Each structure stands twice: as C-alpha cells, then as structure tokens.
Amino acid sequence: MLAADHLAFDNPQLEKVILMEKIVFAHRGLNTLAPENTESSFRLAAEKGVKWFETDVDIIGDGTAIICHDTTLDRTTNKSGGYYELSAKDLPQIDAGSWFGQDFVGEPLLTLHKLVDIMNETGLNGNIELKSNENGKEMSLQMLDSVIAELDRLNPERKVIVSCFNHVLLAEFKRRAPQYPVGCLYETCALYDDWRSILELVGADYIHPEDKGLTRQKVQEFCDAGFGVNVWTVNSLSRANELFNWGCTGVFTDIAGQMVKNF
C-alpha cells in the first residue's frame with residue numbers, strides 16, 4: 001500500500017516507512033466547493049489535481065460503514081438524530097447535499113464501499129479517520145471489521161492511512177490489519193510527554209497533531225523518533241510551507257485545490 005519511493009528508518013522496533021512527498025489532504029474532500037464527505041467533494045478533489053483526501057468513517061446498525069464526521073445527521077443531512085439504529089435500506093432517504101446548495105440536492109450519504117470504488121476509479125489516495133464509536137465495544141469492533149473489509153477492496157496501487165483520536169481503537173485496528181499504516185490523532189491539549197510511548201504501543205507510522213501551538217522543536221522530536229507528521233487543519237499557504245520546511249510529511253486543509261498548485 002506504500003509508495004515505492006520511500007525512506008525506511010534503521011530502528012527495527014519502529015519499522016516506520018515515511019512517504020517521500022509533501023502530502024496535501026483535502027479535508028473531507030473539497031468541502032468549500034461541495035458538501036463535505038460526499039461523492040461530489042471527493043470527485044471534485046480529483047478533478048482539481050488533489051491526490052489525497054481525508055474523511056471520517058463510522059457504521060450504522062447493520063454494520064454498513066458510512067462517511068460522516070458527526071455522530072448525528074443534523075448538521076450535514078436533511079435528517080436529524082443518530083444513525084446507530086439505521087440500516088442500508090434507510091440510506092436512500094437521506095439527502096447529504098441540499099443543505100449546501102441547490103446543485104447538490106439529492107446527494108446521497110456516502111458509504112465506504114462507494115468511496116473505495118471512487119478511489120479505485122479516480123486514483124485518489126485517502127486518510128480514513130475512524131470515528132470513536134459511541135455505542136460500545138461490540139459496535140466498535142464491528143466497525144473495524146467493516147472498514148478492513150472495504151479497504152481490502154482497494155487496488156494495490158492505492159495508498160491509505162488510517163487515523164483515530166481513540167488510540168485504543170487504533171491499536172486494535174493495527175492488530176487486525178497490520179498491513180495498513182496508521183496515525184495517532186492529537187489535539188494540542190492532549191499531546192502529553194508520553195506521545196512516543198503511545199505511538200510505539202499502537203504501532204503507529206504517523207502522528208497527526210493539531211496545528212495550534214505546534215513548534216519546530218516538537219516536529220523535530222517526532223521526526224527524530226521515526227514518525228511521519230501530518231498536521232491538521234492548515235488553511236494558510238505560508239504556514240503549510242513552514243511546516244513542510246520543518247519536515248512535516250503532510251497537511252490537512254480546506255483549501256486543497258489551491259494548495260496543490262504550490263506543493
């Protein structure tokens with residue numbers, strides 16, 4: 001799943017592979033030009049020359065993996081409430097585009113199955129963020145199985161990183177699917193001095209820190225420890241340039257269409 005042009009670190013305990021490219025991740029697709037996390041937002045990213053996107057995955061009641069950032073439907077669809085009780089037969093009634101504009105009326109709530117098809121068709125690569133399922137252990141583990149089954153359908157040349165704020169869940173994903181690179185997500189307020197221990201216990205390849213408060217020294221520490229560094233959410237070209245010059249491997253951004261022209 002990794003690029004052929006890579007740098008492997010010598011420490012056998014880390015076994016990290018860092019992609020040798022400046023990765024611009026379209027945050028939830030091109031979310032300023034199309035409704036976030038929809039087929040339109042990802043296809044538009046591909047049309048604009050973006051190679052990578054970021055998205056959010058959870059599951060509904062029958063185990064179908066869906067693309068949605070929130071744990072409720074209220075903000076980004078025409079429905080309200082949670083989705084843990086839904087099944088695939090309910091999805092056609094959900095409009096995930098009309099809130100954004102008339103051009104997107106009837107945009108379906110995207111499934112991971114369909115997104116994998118889009119990746120295979122367009123050549124997009126993706127960062128798949130596992131949402132921290134709020135319905136307990138059984139459904140959380142079911143989500144992992146559903147996600148792995150879909151990712152296994154990717155063409156061999158497609159690249160993917162799986163990330164999560166819930167490092168317990170991410171460690172279990174890595175145990176079940178060690179072939180996929182994973183990244184530990186961090187808010188600045190939760191980035192304690194034990195980050196290296198956590199990343200090594202998880203088996204992480206990347207750390208995904210929040211941009212706020214991130215320093216050159218901290219980035220250097222991450223890099224020296226053998227981890228790729230992908231920073232969220234960066235909507236300034238000058239800040240992205242600075243982060244890349246510090247050694248970061250990628251940035252998550254809402255202006256990917258503009259940023260890929262510069263990096």
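Predicted model only: the values in this text are computed from it and were never measured.
Looking only at atom types and distance, the side chain of D62 has a donor-acceptor partner in the side chain of T64 under 3.5 Å away. No hydrogens or angles considered: a donor-acceptor pair under 3.5 Å links the side chains of S98 and D95. When only modelled atom types and interatomic distance are considered, N235 and T253 share a side-chain donor-acceptor pair under 3.5 Å.
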Quiz item: Does the side-chain hydrogen bond (donor to acceptor under 3.5 Å, both in side chains) test come out yes or no for N37 and T55, once each step is laid out?
Solution: CA-CA 6 Å; N37 280 333; T55 194; 2.7 Å; yes
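Residue K48 qualifies as open at atom NZ: its count of foreign heavy atoms under 6.0 Å is 12 or below. E85 CD: 12 or fewer foreign heavy atoms inside a 6.0 Å radius. Few gaps surround NZ on K174; more than 12 heavy atoms of other groups in view lie less than 6.0 Å from it.
Between the side chain of D205 and the backbone N or O of V182, at least one donor-acceptor pair lies under 3.5 Å. Formation of a donor-acceptor pair under 3.5 Å by the R176 side chain with backbone atoms of L144 is not found in this model. A donor-acceptor pair under 3.5 Å is formed between the side chain of N120 and the backbone N or O of R153. A donor-acceptor pair is defined here as one N or O able to donate and one able to accept, closer than 3.5 Å; no such pair exists between the side chain of D70 and the backbone of R75. No donor-acceptor pair under 3.5 Å is formed between the side chain of T249 and the backbone N or O of G228.
Between E47 and R43 there is no salt bridge, since no side-chain nitrogen of the basic residue lies less than 4.0 Å from a carboxylate oxygen of the acidic one.
For D90, there are no salt bridge (charged side-chain N to carboxylate O under 4.0 Å, His left out) partners, not counting sequence neighbours. The ring pair (Phe, Tyr, Trp, His ring centres under 6.0 Å) check on F263 picks up F244, with sequence neighbours excluded.
Note on residues 28-47: pairs passing ring pair (Phe, Tyr, Trp, His ring centres under 6.0 Å), not counting sequence neighbours, are F42-F53. Within the structure, the side-chain hydrogen bond (donor to acceptor under 3.5 Å, both in side chains) test picks out the following pairs touching residues 99-110 (sequence neighbours left out): S40-E107. Applying the ring pair (Phe, Tyr, Trp, His ring centres under 6.0 Å) test to every pair with at least one member in residues 144-176, sequence neighbours left out, gives these pairs: F165-W232, H167-Y186. Among residues at least two apart or in separate chains, side-chain hydrogen bond (donor to acceptor under 3.5 Å, both in side chains) pairs with a member in residues 123-134 are D58-N133, N125-R158, N127-S163, E129-K131, S132-N166.
Between Y206 and H208, the two ring planes are tilted [angle within 30° to 60°].
Considering R28, H27, E36 as possible partners of H69, the one that fulfils the side-chain hydrogen bond (donor to acceptor under 3.5 Å, both in side chains) test is R28.
In this structure the side chain of I128 reaches within 4.5 angstrom of the side chain of L151, judged on heavy atoms.
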